[in-house]
Asks: 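Just dropping this structure here.
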Number of protein chains: 2
Amino acid sequence: MKQTKISEAVVRRLPIYLQVLNEMHSREIQTVSSQELGYKLDLNPAQIRKDLAYFGEFGRKGIGYDVQYLIEKIRQILKVDQTIKVALVGAGNLGHALCNYNKYSKDNMQITAVFDVLPSKIGSHINSLKVLPMSELARVVAEQNIRIGIITVPAFEAQNVANQFVEAGVEGILNFAPAILRVPDEVRIQNADFTKELLSLAYYLVREGEAENESDLD
Amino acid sequence: MKQTKISEAVVRRLPIYLQVLNEMHSREIQTVSSQELGYKLDLNPAQIRKDLAYFGEFGRKGIGYDVQYLIEKIRQILKVDQTIKVALVGAGNLGHALCNYNKYSKDNMQITAVFDVLPSKIGSHINSLKVLPMSELARVVAEQNIRIGIITVPAFEAQNVANQFVEAGVEGILNFAPAILRVPDEVRIQNADFTKELLSLAYYLVREGEAENESDLD
DNA sequence: TAGATTGTTAATCGATTAACAATC
DNA sequence: TAGATTGTTAATCGATTAACAATC
């Protein structure tokens, strides 16, 4: 039974909580308060408590949160308590990089199949995975129970690849191509296009020749 | 003279507008209404008009927006009407991938220097750029007027690299490492950690063995 | 018991959307 | 002129923060 709809903002904070908690766990810290977490993350402690409270009562009044227990709970909420299999299309540099980050394994996310549209790439290897042709996508996704697709092809191919992922039945797509993808509502799209990140970063630069001092007005 | 403080949400939408407008421009579309843009981007037309109105009056009543003119204006706002130089630390797979995307050049963002902490990497080449040791960072950033730093090193090195970027005087950092970086307020940090993207994507998966049908309640 | 800290309600703040006069 | 669409104000919606009773 789902509680009141959880907002995206909340969901996007959960992995950050997890990151800090993991780091604390590795330093053998047993217990943490929302205040300490808030300080580390630059977030309001009330927000952290509220976020967690959407999913249950994980803390103890007067004490705080048990680090290990909270990790476990957040992993359950994010569904990374089970292994989740991922397929990647686009065996270029970026695809390579992501495959090497199979340190996700710590988070139970595993890239277990790699595809490419280019004949020249097919049959080559990334780590121990053979690059397969797109014609194999549907079969492999079904057989391996792959639930998430990653797109690292050029923008003009991205929609086509997305269509094939949807057709194959993935539930979510992580898209690195600088393209706006159309998929059915039941498939979740997450965009991770760093060209846009760079552009929005540029906004905060100080225009050359402009006073850098913004504190001259109070 | 800055208008009322522009919210981050607005700034993050500007690159998306730019992307769609560029695509329209390449198809030789002259004019676009907020309604059409809204449809393409799945955004409320009023929001688009409001976003743009923060920066000036770019449209014409009864007509819409001139595509080319609006592109020009958004590029000015984002400050990519000038060339912005970028340095990258971490000549691994991901660093490689980003360098190859020097198709940013279209957006006037250029990676003009690459560094690494590992002696084994130093002296090798990425495209035409030689990988330099960190000891050169401050000098090169100053000499080339580099304003943005990209971090693609492992998490445990990231803070150290960030410190050196700050020291060298960059104004913004794009961080790909799964680490929370502390920098002075005047330096802008943008996180682009796809491990977190993947985790939040997992949240939207349907738990195995759970009914997928969410429409049984109205 | 006194001190700390949660979970939660109420207050505030900010962002999105609707509505419409202005005008091309 | 009639139709379209902006820029902007007002209304709504949602997210963040403050405050505090409950309780460890």
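Reminder, nothing fancy here: chain letters follow the sequence lines and each chain counts from 1.
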Asks: Applying side chain to side chain contact (heavy atoms under 4.5 Å, CB included) between A:V114 and each of A:T112, A:D116, A:I111, report the one that passes.
Replies: A:I111
Asks: On DNA chain D, nearest-nucleotide positions of B:E57 versus A:R13: which is more 5'?
Replies: B:E57
Asks: What integer distance in Å separates B:Y39:OH from D:dA4:C1'?
Replies: 20 Å
Asks: Figure out the CG/P separation between B:D51 and C:dT16, and round it to whole Å.
Replies: 7 Å
Asks: May I ask which nucleotide in the shown strands pairs with D:dT6, Watson-Crick or G-U wobble, both distances under 3.5 Å?
Replies: C:dA21
Asks: Round to the nearest Å and state the distance from B:L70 atom CG to D:dT6 atom P.
Replies: 11 Å
Asks: Just compare C:dG7, D:dG7, D:dT6 and give me whichever is closest to any side-chain atom of B:A53.
Replies: D:dG7
Asks: What is the distance from CG of A:N44 to C1' of D:dA18, rounded to the nearest Å?
Replies: 8 Å
Asks: Taking the nucleotide of DNA chain C with the closest heavy atom to each, which residue, A:G62 or A:A46, is nearer the 5' end?
Replies: A:G62
Asks: Using a strict 4.0 Å threshold on nitrogen-to-oxygen distance, state whether A:D81 and A:R75 make a salt bridge.
Replies: no
Asks: Considering every strand shown, what is the Watson-Crick or G-U wobble mate of D:dA15 when both distances are under 3.5 Å?
Replies: C:dT12
Asks: By nearest atom, which of the nucleotides D:dG7, C:dT16, C:dT8 is closest to the A:K50 side chain?
Replies: C:dT8
Asks: For B:E36, does the CD atom have more than 12 heavy-atom neighbours from other residues, nucleotides or ligands under 6.0 Å away?
Replies: yes
Asks: If you measure from CZ on A:F115 to CD on A:Q164, what distance do you get to the nearest 0.5 Å?
Replies: 10.0 Å
Asks: Any side-chain heavy atom of B:I84 sitting closer than 4.5 Å to one from B:N108?
Replies: no
Asks: Whole-Å distance between C:dG7 P and A:K73 NZ?
Replies: 13 Å
Asks: May I ask you to evaluate whether A:S34 reaches the phosphate of C:dT6, defined as a side-chain N or O under 4.0 Å from OP1 or OP2?
Replies: yes
Asks: Can you tell me which nucleotide in D:dT5, D:dG7, C:dG7 comes closest to the side chain of B:Y65?
Replies: D:dG7
Asks: What's the CD1-P distance between B:I48 and D:dT8, to the nearest Å?
Replies: 17 Å
Asks: What is the distance from CD of A:Q47 to P of C:dT8, rounded to the nearest Å?
Replies: 17 Å
Asks: According to a strict under-4.0 Å criterion, is A:R60 in side-chain N/O contact with OP1 or OP2 of D:dA22?
Replies: no
Asks: In whole angstrom, give the distance that lies between atom CG of B:L52 and atom P of D:dT8.
Replies: 12 Å
Asks: Would you classify B:R49 as touching base, sugar-phosphate or nothing, given that sugar-phosphate means primed atoms plus P, OP1 and OP2, and contacts are heavy atoms under 4.0 Å?
Replies: base
Asks: Name the closest nucleotide to the A:S33 side chain, picking from D:dA15, C:dT6, D:dT5.
Replies: C:dT6
